[in-house]
Visitor: 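Just dropping this structure here.
Numbers here are sequence positions counted from 1. Since we're looking at a predicted model, the values are computed, not measured.
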Amino acid sequence: MLMPGRETRVVELRVHGIMGTTAESLVGAVAAVDVAGDGVGRIVRPADRLRRPAPGPMLHTAVRAVPRTIEGYVWGGMTSGGVTKSTWALMFPFTLANMAHWMLPPVPHDNRPAAALGLIGRSLLRLAALLLTVLFVTQVAVVSLDLVAAQCLAPGSPCMSGLVPDWLRTWPGFRPVVGLLPAAFVILLLGRVSSVTWNVNAPPMPGPVPGNRPQRMPGASLTADPDTPTLRALHTVAALAVLALLPGTSVMTVQWVAALVLLVLSALGVLLLDDPTGAAPHRAGRWLRIALGVVTRRVFLIAGVLLVIGSAFTRDPLPNRVPALDVTIEGIAGLLVIVVVLFGLVTIPAALLARREFWADLPYELRPWAGGWISPIVLAVAGLLGGGFGAGIAITVRGLLGNNDLQLPLGYEPLTLLWGVSAALAIAIGLVLGSITGVHRWHNDRKGKQPPEADLLHQNTTPQEHSTATRAWRRGRFQRNHLHHLLIAFGIALGGGAGVAIWMRLRDFGAPEWMAPFSAVGVFALGFLAATLMRAVYQAVRRPELSRTLGVLADLACFWPREAHPVVPPCYALKVIPEVAERAAEHLADRNTRVVITGHSHGSLIAAVAVSRLMETLPPEDRERVGLVTAGSPLQWAYPRAFPSVVPHKALAELHGELNGRWRALCRGTDPLGGAVTTWRRQVFDSQMIGVGFRTDGSSGPLTAAQQTESGALILGSDHWLPDPQLKPVPGLRWSPGVRGHRDYQADPEWDEAVAIAAGLS
């Protein structure tokens, strides 16, 4: 512990979590004012009545009270609000495919088979992402080109007869333009939105100080891929090429061949173009990047635009159906299924090889989800959601047009069956899991089995308060332990429905009569899916304060840089983490200042990565003045298990050792999103809580028994287990009766104690 001098002060730099936290709630004040930042990433402090930055409350340590400055970094504006950001909801399947890249198992060092499997897996993932883009554009064309332009606006059709007269339907070029223009606009919109990047308001991070960098640091691979502009251009070219192919005839023309060549070249490009930041680029990779330079990309884009324009003139007048859509949609869907299956097969040995080096010696509750095989499940869900969104919108538009005679592509019939069977499987799986859960809870109640932490924290409370706490602990623990099981079950349900639909399509027979209810359920599910999506987008545009659901999805998914799929929203982590680290470094320039970066919920990941980078770049004398506090953090049960290559368990242990006890974690068992961070295998022996966890030397092992603080919290290792409900009101702190769960960590009396320890003052 460093003794505080007379001039010592503490800067508490807070980073919020998901769901659009306000600046006032972040700094715990009725008003807040910006003191730095560029308006997108805001650094705020509490404000007085004249809107001036106000000092924070004194921090009471074991020796004396120390002045404290409270600052907060507000990043919620990067993921919510505005018309442009609302359209990001349409890219959610793309975002899932991109996130699947960061869920891949890590590649062991100097293991050629694992490196080869990783390269093949990443290539297949990028190809699947390209097929998702092409499928999305094709499904937009189903609505605009086939349903509206070809069928609804056909001469003599009663559809929209009161709005579009017959003479206009026969006007040269009218129907092809009506059909192609919306799809071309969607391609333009995707390209424009996905080209948005956040300007980093901080100088480049300096290189690691010799001897500072541990073997693994959490988030070390969170860097921008320099190939993203090329990948984005290839996706745009592929989308334009498939749009140019759709109105074509069965006769092979020069235009048709040119569009097909562009499509094939785009597929080859995404297959071969791997990220050079993970390894030194080879000679072939260098030549590939030269071949796909700025000039080549512009030529491809111009060629794609010209082919789309040419298709509008060569296919005038449009027929009453666009037959190429049936073949194209089924072909793209079939290729996507094949690529996803191959990707899943490749990931199996890759996960087994990673297991031997990275998590074979870890307890089960710390190992990656699905044994490191979660990435194919997420990719499959992305593909099925992408197909479902498109089909649902087409079904909804046909209903809005009020003409059930309009025909949908033949591939949509098995798709409705897919979602109907998936819904039935989901209900069946839910009933089974619910029954197992109910029996398990009944068994625990009958035997009186309680969470060990809850018994110690609430042993002196009334029976009613003890029962309330115990029930809340069980609910929180159940959600943390089984959230990934729900994701896997959802993937299995969709995969089972996809298997039935594919089998029936390959056998080339329609659904039997007894399966008609499944198709009806599928039609309802797809329509409901599309209506919910469009309603969410509408609310996000008109009333951003109500778009919390979209905000949560964007906050979680858009943390990851563009890698597998470039047509996704910009990664805010590439801006937030450097700016938080730079702000901390500015304060550390004062030798009397100690900085404690605190992160709540998802913000704990941002805080941990920022601190890890400071540990790399600061000299030893400054590293001792940096601390970390996490609250309600999923840094044990979620991120290392879902993203084992980005936030590996060993990296967190080494960061804990680098901080030498200055990492404190506030935990509540009642919190469904944040649990233990540095300890596991907790149990009660002789009325004391013991367990295994991170040690200050960077290793893991048994810890000394937990100590209870004046506020009633239990400190085991670096985890501070808080009683919830809180035992009694504390003067000077906000009081919230009942179970707090995931909120109000800063109002707990243990917060200041954790900050003081993280600052090295207690």
Visitor: Aromatic rings H656 and W663: how do their planes relate, parallel, tilted or perpendicular, breaks at 30° and 60°?
Guide: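 Plane angle between 30° and 60°, so tilted.
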Visitor: Is the ring centre of F136 less than 6.0 Å from the ring centre of F94?
Guide: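 So the answer is yes for these two rings.
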Visitor: Kindly check if the number of other-residue, nucleotide or ligand heavy atoms within 6.0 Å of CD (E586) is above 12?
Guide: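 Buried by this count: over 12 neighbours within 6.0 Å.
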Visitor: Using a strict cut-off of less than 4.0 Å between a Lys/Arg side-chain nitrogen and an Asp/Glu carboxylate oxygen, indicate whether E579 and R583 qualify as a salt bridge.
Guide: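 Salt bridge absent between E579 and R583.
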Visitor: When the aromatic ring centroids of F478 and H485 are compared, is their separation below 6.0 Å?
Guide: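 Distance test on ring centres: not under 6.0 Å, no.
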Visitor: In terms of side-chain heavy atoms, does Q636 have a donor or acceptor partner in H649 at a distance below 3.5 Å?
Guide: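 The criterion, which ignores hydrogens and geometry beyond distance, is not satisfied for H649 and Q636.
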Visitor: Can you label the angle between the F559 ring and the H602 ring as parallel, tilted or perpendicular, going by 30° and 60°?
Guide: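 Ring orientation of F559 relative to H602: perpendicular.
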Visitor: With no hydrogens and no angle check, do the side chains of T22 and S25 hold a donor and an acceptor under 3.5 Å apart?
Guide: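 The answer is yes; a qualifying pair exists.
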Visitor: Got a second to check how far M58's CE is from R9's CZ, nearest 0.5 Å?
Guide: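 Here the rounded value is 12.5 Å.
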Visitor: Is the NZ or CZ atom of R14 positioned over Y73's six-membered ring, under 6.0 angstrom from the centre and within 45° of the axis?
Guide: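 Relative to the ring axis of Y73, which defines the angle, R14 lies outside at least one limit.
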Visitor: Determine whether the side chains of R613 and T617 contain a donor N or O and an acceptor N or O closer than 3.5 Å.
Guide: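 No, because no side-chain N or O of R613 sits under 3.5 Å from a partner of the opposite role on T617.
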Visitor: Only one of W369, W560, W102 passes ring-ring contact (aromatic ring centres under 6.0 Å, His included) with F643; say which it is.
Guide: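 Of the listed options, the one satisfying the test is W560.
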Visitor: Please answer whether the main-chain N or O of R625 pairs with a side-chain N or O of R594 as donor and acceptor at a distance below 3.5 Å.
Guide: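 No; judged by distance alone, with no hydrogens or angles, the pair does not exist.
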Visitor: Would you check if there is a donor-acceptor pair between the side chains of T69 and E12 at a distance under 3.5 Å?
Guide: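 No, no side-chain donor-acceptor contact under 3.5 Å.
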Visitor: Is a donor from one side chain sitting under 3.5 angstrom from an acceptor on the other, for S633 and S604?
Guide: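 Yes, because at least one side-chain N or O of S633 sits under 3.5 Å from a partner of the opposite role on S604.
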Visitor: Are the side chain of R480 and the backbone of D671 linked by a donor-acceptor contact shorter than 3.5 Å?
Guide: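 Yes, because the side chain of R480 sits within donor-acceptor range (under 3.5 Å) of the backbone of D671.
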Visitor: In terms of ring plane angle, is the pair H600 and H742 parallel, tilted or perpendicular, where the classes change at 30° and 60°?
Guide: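 The rings of H600 and H742 sit tilted, inter-plane angle from 30° to 60°.
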Visitor: So for atom CZ, which belongs to R591, do other residues, nucleotides or ligands contribute more than 12 heavy atoms lying within a distance under 6.0 Å?
Guide: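 It does: R591 CZ has more than 12 such atoms within range.
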